[in-house]
Amino acid sequence: QVQLVESGGGLVQPGGSLRLSCAASGFSLERYAIGWFRQAPGKEREGVLCDSSNDGSIYSAASVKGRFTISRDTAKDMVYLQMNSLNAEDTGIYYCTVRPYVCYGKVFSRWNDPSWGPWGQGTQVTVSS
């Protein structure tokens, strides 16, 4: 069964850090671009970071640049999202997903592009004191 499962969410104080994990099963991540998206209450899902499989190019939302990093362990079919200097605006449900090979601006900005999928169930991140 092809699926992605996120973990690592939780409650963290402003300024704190979290590392989210995304485990792939039923397929290899080797030839896929990885996308992390998030959805805050009452808002549309948005792209956070996207990592292409072949050229190492990374797309990042302006709001997370310098604070969030994406990495992958291809041997384990795992993807990670390291989040530092968290603030209340980072609160939301975080999802990982994939698309073939590359990520680029147009698809990064459209979470409902049919090329994205499967999606994980999401993991809740709450930044609050």
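Salt bridge absent: Asp77 and Arg72 never bring a charged side-chain N and a carboxylate O closer than 4.0 Å. Using a cutoff of 4.0 Å between basic side-chain nitrogens and carboxylate oxygens, Asp90 and Arg38 are scored as salt-bridged.
The distance from atom OG of Ser128 to atom CG of Leu86, rounded to the nearest 0.5 Å, is 12.0 Å. Within the model, atoms CG of Leu18 and CG of Leu81 stand 9.5 Å from one another, a figure rounded to the nearest 0.5 Å. Once rounded to the nearest 0.5 Å, the distance linking CD of Glu46 with OG of Ser63 reads 5.5 Å. With values rounded to the nearest 0.5 angstrom, Tyr94 atom OH is found 13.0 Å from Phe37 atom CZ. To the nearest 0.5 Å, the span separating CE on Met83 from CZ on Phe68 amounts to 5.0 Å. Taking CG from Asp51 and OG from Ser57, the interatomic distance works out to 7.5 Å, rounded to the nearest 0.5 Å.
The two atoms that bring Cys103 and Ala33 nearest to each other are N-CB, 3.7 Å, heavy atoms only. In terms of heavy atoms, Leu20 sits closest to Gly9 at CD2-N, 3.6 Å. Of all non-hydrogen atoms in Ser115 and Val107, the two that sit nearest each other are OG-CG1, 4.1 Å.
With Tyr32 as the aromatic partner, Arg99 does not meet the cation-pi criteria of under 6.0 angstrom to the ring centre and within 45 degrees of the ring axis. In this structure, Arg19 is positioned above the aromatic face of Tyr80, its NZ or CZ under 6.0 Å from the six-membered ring centre and within 45° of the axis. Note that Arg110 lies outside the cation-pi zone of Trp116, set by a 6.0 Å cut-off to the ring centre and a 45° limit from the axis.
With a 4.5 Å cut-off on side-chain heavy atoms, Val12 and Thr126 do not count as touching. Between Thr123 and Ile93 the shortest side-chain heavy-atom distance does not fall below 4.5 Å. Side-chain atoms of Glu6 and Tyr95, non-hydrogen and from C-beta on, do get closer than 4.5 Å to each other. Two residues are said to be in side-chain contact when any heavy atoms from C-beta on lie closer than 4.5 Å; Ser17 and Gln82 meet this criterion. Put simply, the side chain of Thr91 reaches to within 4.5 Å of the side chain of Gln124, judged on heavy atoms. Contact check for Val125 versus Val127: side-chain heavy atoms found under the 4.5 Å cut-off. Proximity of Trp119 to Leu4: side-chain heavy atoms (C-beta onward) are nowhere separated by under 4.5 Å.
With Arg67 contributing its side chain and Ser85 its backbone, the two residues share a donor-acceptor pair below 3.5 Å. Without hydrogens or angle criteria, Thr97 side chain to Gly35 main chain gives no donor-acceptor distance under 3.5 Å.
No hydrogens or angles considered: a donor-acceptor pair under 3.5 Å links the side chains of Trp111 and Glu44.
Note: the hydrophobic cluster containing Val2 does not contain Val5 (ILVMFWY, side chain heavy atoms under 4.5 Å, direct or indirect links). Connection of Tyr104 to Tyr101 is established within a shared hydrophobic cluster, with ILVMFWY side chains joined at heavy-atom distances below 4.5 Å, either directly or through further cluster members. Side-chain heavy atoms closer than 4.5 Å link hydrophobic residues (I, L, V, M, F, W, Y) into clusters, and following such links, possibly through other members, connects Val79 to Leu49. Under the 4.5 Å side-chain heavy-atom criterion for grouping Ile, Leu, Val, Met, Phe, Trp and Tyr, Ile58 is connected to Leu29 within one hydrophobic cluster.
The neighbour count for Gln3 CD, taken as heavy atoms of other residues, nucleotides or ligands under 6.0 Å away, is above 12.
Paired with Trp36 under the rule side chain to side chain contact (heavy atoms under 4.5 Å, CB included), one option of Cys50, Ser60, Cys96 passes, and it is Cys96.
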